[in-house]
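By convention in this document, chain letters (A, B, ...) are assigned in the order of the sequence lines, proteins followed by strands, and residues within each chain are numbered from 1. These figures come from a predicted structure and were not determined experimentally.
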Number of protein chains: 2
Amino acid sequence: MAEIRSPSSARSRIVEVADRLFYERGFEATSFADIATDAGLSRGNFYYHFKSKDEILAAVISLRMDRTREMLTVWESECPEPADRLLAFANILIANRAKIMVHGCPVGTLCAELAKLEHGAQNETVAIFTLFRDWLTRQFVVLGHGENADALAMHMLMRSQGVASLATAFRDEAFIVREVDALAAWLAQPTL
Amino acid sequence: MAEIRSPSSARSRIVEVADRLFYERGFEATSFADIATDAGLSRGNFYYHFKSKDEILAAVISLRMDRTREMLTVWESECPEPADRLLAFANILIANRAKIMVHGCPVGTLCAELAKLEHGAQNETVAIFTLFRDWLTRQFVVLGHGENADALAMHMLMRSQGVASLATAFRDEAFIVREVDALAAWLAQPTL
DNA sequence: GTCTATACCTCGATAGAC
DNA sequence: GTCTATCGAGGTATAGAC
């Protein structure tokens with residue numbers, strides 16, 4: 001049976017391609033022509049779906065927000081124990097190490113780029129960080145670290161960002177594994 | 001007495017301005033016109049000093065290399081104890097917190113941008129990281145951690161990168177101070 | 001060494017035929 | 001909904017007068 005496309009398939013295809021290219025090449029370095037080519041559209045037809053580049057950026061950030069929420073929900077259902085949930089977070093670095101060694105963390109690098117561009121959408125990107133932050137905080141609260149749960153969450157986020165940054169610089173897989181192990185060890189007795 | 005300019009003063013002025021703009025706005029987002037304007041030159045005269053944007057980038061990276069070497073030398077002469085030298089490194093985050101909260105780490109953000117652009121100069125930027133890495137390693141060796149001195153050095157670099165990344169995202173000064181304190185505490189008994 | 005003028009390209013964005 | 005054609009702005013880079 002022939003494939004039936006929903007009316008928004010072109011739109012979602014654009015967002016998917018933009019999401020990938022913004023990650024791989026950066027927001028500014030990605031042109032409409034790049035996205036249109038990879039999405040199989042003409043440049044002109046592009047503006048039927050998005051009126052500006054900022055609109056595409058907003059859609060991409062929204063997509064990443066949704067996927068992050070989904071991922072956190074999956075971890076919650078798959079890991080009844082908060083300790084295992086925190087380990088699941090740490091293991092993103094292992095699971096995505098190939099891409100991280102080439103393009104860094106999707107959230108961190110976009111946030112840094114938008115900060116330098118003084119782009120208003122930086123706030124929306126930070127909101128993805130906040131999603132992680134609040135979720136991590138809740139796990140630390142359940143573990144009995146209510147007092148400084150948020151500081152511990154920020155510490156975990158910080159280490160994941162640091163590992164991603166140096167992984168991109170040195171492309172050292174052993175470093176990533178070593179630091180994830182160290183993070184897991186820290187999780188056994190988290191202090192600040 | 002009138003100011004006497006060395007023949008390379010225009011050149012060094014360009015590099016200084018480019019260094020600042022590449023940090024504040026990013027490499028790609030900075031145009032020749034931007035640099036020329038801030039350096040007080042016409043666009044045309046620009047190419048008398050630099051034949052291409054990549055040449056300016058190379059000069060900027062070289063400048064940062066020199067300044068990093070100089071900084072490390074100063075720390076060595078000001079701090080006889082390796083422990084104090086490591087603290088001096090950690091304190092860059094405090095000293096530069098205002099700029100870091102807006103533009104991130106100069107080395108880390110440039111390295112991430114060049115990685116996405118697949119720019120050959122990424123290797124030269126990583127060399128600045130290596131300068132820090134080797135210097136930190138030497139301090140840990142003197143402190144008796146010869147076995148995993150390099151891993152400890154990478155861990156310190158990693159944490160400074162992570163702090164810079166989240167500092168840019170959340171613009172939280174208290175977070176920086178807290179994490180530098182935590183890093184100092186870790187330095188008292190560094191483990192991985 | 002410094003300037004103006006300009007070539008040539010790609011960018012984001014628009015108009016209008018189909 | 002998709003296309004081609006095109007605009008104006010801004011990018012890198014060059015030529016040539018002074």
query: What does nucleotides 2-18 of chain C look like as a protein-contact string, B for base, S for sugar-phosphate only, - for none, at under 4.0 angstrom between heavy atoms?
result: BBB------SSBB----
task: Establish, for the pair B:K116 and A:F22, whether the NZ or CZ atom is under 6.0 angstrom from the six-membered ring centre and no further than 45 degrees off its axis.
output: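 Pair B:K116/A:F22 does not count as cation-pi.
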task: Please determine if A:K53 forms a cation-pi arrangement with A:F46, meaning its NZ or CZ atom is less than 6.0 Å from the six-membered ring centre and no more than 45° off the ring axis.
output: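 Checked: cation-pi criterion not met.
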query: Taking atom types as modelled and ignoring hydrogens, do the side chains of A:T137 and A:D134 form a donor-acceptor contact shorter than 3.5 angstrom?
result: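 No donor-acceptor contact under 3.5 Å links the two side chains.
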B:E81 and B:R85 ion-paired at < 4.0 Å: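 Judged by the 4.0 Å cut-off on N to carboxylate O distance, B:E81 and B:R85 do not form a salt bridge.
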Sidechain N-carboxylate O distance under 4.0 Å for B:D181, B:R178: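 Not counted as a salt bridge, because no side-chain N and carboxylate O are separated by less than 4.0 Å.
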task: Search all heavy atoms of A:F170 against all heavy atoms of B:V126 and return the closest pair with its distance.
output: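 Taking A:F170 first and B:V126 second, the nearest heavy atoms are CE2-CG1, 3.6 Å.
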- prompt: Got a donor-acceptor contact below 3.5 angstrom from the A:T68 side chain to the A:R64 backbone?
  reply: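 Yes, A:T68 side chain to A:R64 backbone: donor-acceptor pair under 3.5 Å.
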- request: Return the angle between end axes of the helix from C:dG1-D:dC18 to C:dC18-D:dG1, with five pairs used per end and rounding to 10°.
  value: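 Its terminal axes enclose an angle near 10°.
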